[in-house]
Amino acid sequence: QVQLVESGGGLVQAGGSLRLSCAASGRTASSYAMGWFRQDPGKEREFVAAINRSGTITSYADSVKGRFTISRNNAQNTVYLQMNSLKPEDTAVYYCAARGSVVAVSNPIRYDYWGQGTQVTVSS
């Protein structure tokens with residue numbers, strides 16, 4: 001089992017940047033593929049980015065491709081989401097998730113563990 005804690009959210013103006021972190025404890029994070037998701041109130045949880053267990057393969061939602069970068073440091077049990085050129089529509093609670101597999105996927109149902117979320121608000 002793994003526990004996930006997100007940090008780095010906040011309020012930023014459109015065009016700005018934020019870096020989210022997801023710290024894993026318990027079982028080592030390198031045992032899991034990881035993903036970032038986001039959710040607005042009243043909406044379904046939306047895939048943002050994912051990274052495989054070794055960090056060699058990444059995938060992104062079309063809406064963030066070219067602006068967001070997912071990465072991981074397995075020695076520090078941490079996954080990151082660098083968010084650049086932020087837009088008001090990026091406003092949401094951002095969650096990291098872990099999946100007990102080598103391969104990362106975009107379907108949130110296939111993730112086993114979730115953090116508590118961190119709020120990102122982008123003002124226009």
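- Of all heavy-atom pairs between L4 and A24, the closest is CD2-CB, 3.8 Å.
- By the criterion of side-chain heavy atoms lying less than 4.5 angstrom apart, applied directly or through intervening Ile, Leu, Val, Met, Phe, Trp or Tyr residues, F68 is not grouped with F47; the two fall into different hydrophobic clusters.
- Pairs passing the disulfide (SG to SG under 2.5 Å) check and including a residue from residues 41-95, sequence neighbours excluded, do not occur.
- With sequence neighbours excluded, no residue forms a side chain to side chain donor-acceptor pair (under 3.5 Å) with R19.
- Take L11 and apply the side-chain contact (heavy atoms from CB on, under 4.5 Å) test, not counting sequence neighbours, and it matches T121, S123.
- The ring pair (Phe, Tyr, Trp, His ring centres under 6.0 Å) analysis of residues 98-124, with sequence neighbours excluded, yields the pairs Y32-Y113, F37-Y111, F37-W114.
- With sequence neighbours left out, the side-chain contact (heavy atoms from CB on, under 4.5 Å) criterion links T58 to I51, Y60, I70.
- Pairs passing the disulfide (SG to SG under 2.5 Å) check and including a residue from residues 62-112, sequence neighbours excluded, read C22-C96.
- Evaluation of the side chain to side chain donor-acceptor pair (under 3.5 Å) test over residues 41-51, restricted to residues two or more places apart or in two chains, returns R38-E46, Q39-R45.
- N73 contributes no side-chain N or O that, together with a main-chain N or O of T78, makes up a donor-acceptor pair within less than 3.5 Å.
- Within the structure, salt bridge (Lys or Arg N to Asp or Glu O under 4.0 Å) pairs that include any residue of residues 6-17 do not occur (at least two apart or interchain).
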Query - Derivation and outcome, side chain to side chain contact (heavy atoms under 4.5 Å, CB included), residues R67 and D90 - result: CA-CA 11 Å; R67 300 188 297 122; D90 294 319; 2.7 Å; yes
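- Each of V93 and M34 belongs to its own hydrophobic cluster when Ile, Leu, Val, Met, Phe, Trp and Tyr are linked at side-chain heavy-atom distances under 4.5 angstrom.
- Taking N107 as the reference, I109, R110 meet the side-chain contact (heavy atoms from CB on, under 4.5 Å) condition, with sequence neighbours excluded.
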Query raised in the report: What's the verdict on side chain to side chain contact (heavy atoms under 4.5 Å, CB included) for R99 and V105, showing C-alpha distance, side-chain angles and the deciding distance?
Result: CA-CA 9 Å; R99 178 170 185 258; V105 297; 3.8 Å; yes
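- A donor-acceptor pair under 3.5 Å is formed between the side chain of N52 and the backbone N or O of I57.
- By the side chain to side chain donor-acceptor pair (under 3.5 Å) test, S124 is found to be paired with no residue, residues two or more places apart in sequence or in another chain being considered.
- If you take CZ on R72 and OG on S54, they are separated by 8.0 Å, rounding to the nearest 0.5 Å.
- Of all non-hydrogen atoms in L20 and V120, the two that sit nearest each other are CD2-CG2, 4.1 Å.
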Under 3.5 Å, side-chain donor or acceptor atoms of residues 80-88 against the rest of the protein: list the pairs with distances, not counting sequence neighbours.
| residue | atom | partner | partner atom | Å |
| --- | --- | --- | --- | --- |
| Q82 | NE2 | N84 | OD1 | 2.9 |
| N84 | OD1 | S17 | OG | 2.9 |

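- Contacts classified as disulfide (SG to SG under 2.5 Å) and involving residues 36-81 (residues at least two apart or in different chains) are not found.
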